[in-house]
Number of protein chains: 2
Amino acid sequence: MAKVSMREVAAHAGVSIGTVSHVVNTPEKVSPETLAKVNQSISELGFVPNAAARQLRSGRSSSLGLVVLDAANPFFASVARGAQDACDRAGLALLLGDSGTDERREGKYVDLFAEQRVNGLLVTPAGSDLSGLEGASRRGTPVMLVDREPGSASLSSVTVDNVAGGRLALDHLIAGGSVRPAFVGGPLTLPQVADRLAGATLRAHDAGLGLEVFDSGEQTILAGRAVGQQIVAMPRSQRPDAVFCANDLIAVGVMQAVIMSSGLTVPDDLAIVGYDDIDYAYSTIVPLTSVRQPAELLGRTAVETLLSEESAGSTGHHNLRFTPELIMRESTKPE
Amino acid sequence: MAKVSMREVAAHAGVSIGTVSHVVNTPEKVSPETLAKVNQSISELGFVPNAAARQLRSGRSSSLGLVVLDAANPFFASVARGAQDACDRAGLALLLGDSGTDERREGKYVDLFAEQRVNGLLVTPAGSDLSGLEGASRRGTPVMLVDREPGSASLSSVTVDNVAGGRLALDHLIAGGSVRPAFVGGPLTLPQVADRLAGATLRAHDAGLGLEVFDSGEQTILAGRAVGQQIVAMPRSQRPDAVFCANDLIAVGVMQAVIMSSGLTVPDDLAIVGYDDIDYAYSTIVPLTSVRQPAELLGRTAVETLLSEESAGSTGHHNLRFTPELIMRESTKPE
DNA sequence: TTGTAGGCGTTATCAT
DNA sequence: ATGATAACGCCTACAA
C-alpha cells in the first residue's frame, strides 16, 4: 500500500520516471495531456512523494526546528505561533520540540533536527551550557537563541529587554501616584526575574523612592497569594501602595489576597502590575495591568533573521533585543 | 562545513565507508582500535548522520506526527506530553504540528508528515471531513484520531467519554444536596458541550430533578461571569443551588460573579463544578471542583495503540474511550 | 516535450 | 573484523 514510488506511477501512466518528476515539480513544462494522464495515475495509485529521497537529492529539507522550554506556557505558545506564521509565509514547515526545561531532551531534539538537516534551529536553551549549540552552528546548522542572551557564545539571538520592562512598570506606578512601591517575584536568581527587578529598582531610585522586595519563591498564583496576604496584614503606614509582580500569575495571587481581605480594594489601596499579559489577565476580577512581551513578534523575527542570515551567507551574528509594552487596565490608577 | 558524509570520515580514518556505518550503528561489532580511530575522525570532522539518506535506505523514519487544534490549550499540551513520553520510551521522535483549528493548515501538516514517512499520525481533526485522513490511512500511514470519534469513518480513535463526565458532575452535586442544579456552557452545538449536557441531564432526570440550561455562548471567563451575574441576580426561590460548567474558564467566571456579589458564597449558596481540571483550578479563590480528563493518558495510549496496531499488522481499527474522573475541592459540598 | 542516466548518503549483503 | 558494491526514490542535466 505504502510502496508507491514514481516508478509505479510511470509504469501505470506509460511514461518515464523523469516525466513523472516533471509533473510533480514543474507541471507547466509538461503537455496538458500527459499532465492529466500522469495526475490521474498519481491519485489513482495514491502516490505520495518521498521527502527523504527528495531531500537527499536536493540537499536541504525546507523545514525549521524550534525547541522551547514548555510548549504549554502561553509565552512560548505565542512565540511558536509567530514562528509558524513566518515559516508559512516562507513555505517552510516548523518542527516543534518541547524540552520541558530538560537539557537532555533539548539535546535530543537538537541532534534530531540536525540529522533532519533542517534549514535552521531556534532554541531557548534549558541550561547555561551553549557549547552544544555552538557546535551545531559551526557544523553548518544555523542557530538562533530565542529569549536568551548568547553571553560569550558566538550565536545569534532575539530577546526581550527585561530591564526595560521593569522600568516601564515602575514608570507607570509612579506616574499613578505611588510613593511606596514594592516588587513581588522569585526566584531572584532567575535572570528574567533579576533583570525585571533591576530595572524597577533603577527607576524607583531615580524618583527618590525605595523598592521593597518580596521574594515569592516561585511564580505561581499560590505563591503570589501568600505574599499578598502578608502585604494585606501590614499596618497601613508601612504597607506598599503598589506592587510590580514578576509575572501575571503572581499578580493574580496578590489580587486574590486583597479581594479576600475585608475592606481593601484594587487599585485604590494597592495598585498591581503583572508581567507577560497572559490571556487570562483581562478577565481577572479587576482587569490586570501588565507588561506585555512581543512574543509572536519574537518568533516571527527569529525565523526571518535566521533566513536572512542564511541567504546572506554567514556574515556574522545578529543580536536583536525587543522592548516590552505596558498594557494599562484597571488594576492601576491612570496616570 | 555541513557537507561531512561518511565518505570523508572513512577517508580521514583510513577505513571503508561500510566500517564507518558499523561504528555508528553497531559499534560492538567493531574492533576497539578502529572504533576509537573512527570516532575520533567523526568528532574531529563534525560528522552528523544524514537522516534522509538513512531513511531512504532503511525505509524506517523513527518518528510520529501529532497534529493538535491548539498547542497552547492545556488539554492538548498534556496530550502532547503523554504522547512524547510514550515516543521517548519507544525511541521515536514526536513531530508536533499546531493546526490552530484551521483545516487547511491541518492538511498541510498531514501531507508533510506523510511525505516524511512518519510511522504514524495522531490527529485531532479541525473539521468534520475525515476523508483526507482516511485516504492517508489507506495509503499506508497509520492514523489515529485523538479526542474525536470516527463516526462512520474507518479509523482508530482514543476519546474521553463526555456523557460520563456530565453524569459524574451531577452525581456529585446531587449527592451534595443540590435540588436545583443548572448547566452553564456553550456553544451547545459543540459535540463536547452537547455530550456533557446530555450526561448531566440524564442524571438529573434520574434523580427526579430538572436541569436549567444557561447558554454561555462561548467558553471563556467573561462569558461565565456574565451568566454568573445573571444567576446571582435571580430571586433566591428560583436561583440554582449548584451549577455544572462545561469548562473551567466558565466556572471561574461564575465564581467571580458570586464573589463580587454581596453576601453570596461558594459553595453554600452556589456549588460549582468545572471541567478539564486545568492547572489553576486549584488556585481559584475557592478551589474548584472539576472533572478531569486523562489527557496525558490519552496521548500515551494513542501512541501505544498506534504502534501496536502497526506491529500487529493492520487487523482492523481500535476505538478506545476513557472515563473522566471527578476532582473534589471546596467549590462543592462534600457528599 | 519526453526519455536517459548519474548520483545524493546511507544500509545491507556479500566476500574477503 | 573489514571492504566492496548494489540498491533506496528522487532530481536534473543532457540527449533525443
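To find a chain, count down the sequence lines: A is the first, B the second, and so on, and within it residues start at 1.
- For B/S31, a side-chain nitrogen or oxygen approaches OP1 or OP2 of D/dT2 to under 4.0 Å.
- Counting only N and O atoms by type, the side chains of A/D98 and B/Q84 include no donor and acceptor under 3.5 Å apart.
- Contacts of B/V15 with the nucleic acid, taken as non-hydrogen atoms under 4.0 Å apart, involve only primed sugar atoms and P, OP1 or OP2.
- Ion pairing between a basic and an acidic side chain is recognised when a charged N comes within 4.0 Å of a carboxylate O; A/D85 and B/R105 show such pairing.
- With hydrogens and angles left out, the side-chain atoms of A/S16 and A/T19 include a donor and acceptor closer than 3.5 Å.
- Residues in residues 17-34 of chain B take part in no salt bridge (Lys or Arg N to Asp or Glu O under 4.0 Å) pair, two or more places apart or across chains.
- Between the side chains of B/S63 and B/Q116, no donor-acceptor pair of N or O atoms lies under 3.5 Å.
- Every residue two or more places apart in sequence or in another chain that forms a side-chain hydrogen bond (donor to acceptor under 3.5 Å, both in side chains) with B/E149 is listed here: B/T159, B/R321.
- Not one side-chain nitrogen or oxygen of B/T19 sits closer than 4.0 Å to the OP1 or OP2 atom of D/dT2.
- Nearest heavy atoms, B/V160 versus B/D147: N-OD1, 4.2 Å.
- In this structure a side-chain-to-backbone donor-acceptor pair under 3.5 Å is present from B/E309 to B/H318.
- In this structure, B/K37 places its NZ atom 10 Å from C1' of D/dT2, rounding to the nearest Å.
- Contacts of A/V30 with the nucleic acid, taken as non-hydrogen atoms under 4.0 Å apart, involve only primed sugar atoms and P, OP1 or OP2.
- At its two ends the helix from C/dT1-D/dA16 to C/dT16-D/dA1 runs along axes set 40° apart, each axis drawn from five pairs and the angle rounded to 10°.
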Name the pairs: protein N/O against N/O of nucleotides 8-10 of chain D, kept only if under 3.5 Å.
unit_1	atom_1	unit_2	atom_2	d
D/dC8	O2	B/R57	N	3.4
D/dG9	N2	A/A53	O	3.4
D/dC10	OP1	A/N50	N	3.3
D/dC10	OP2	A/M6	N	2.7

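- Of the N and O atoms on the side chains of A/S157 and A/N319, at least one donor lies less than 3.5 Å from an acceptor on the other residue.
- Between the NZ atom of B/K29 and the P atom of C/dA12 there is a distance of 12 Å, rounded to whole Å.
- The closest side-chain donor-acceptor pair between B/S5 and B/E8 falls under 3.5 angstrom.
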Output a table of nitrogen or oxygen pairs between the protein and nucleotides 14-16 of chain C separated by less than 3.5 Å.
none

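- Every side-chain hydrogen bond (donor to acceptor under 3.5 Å, both in side chains) that A/S31 has, sequence neighbours left out, goes to A/T34.
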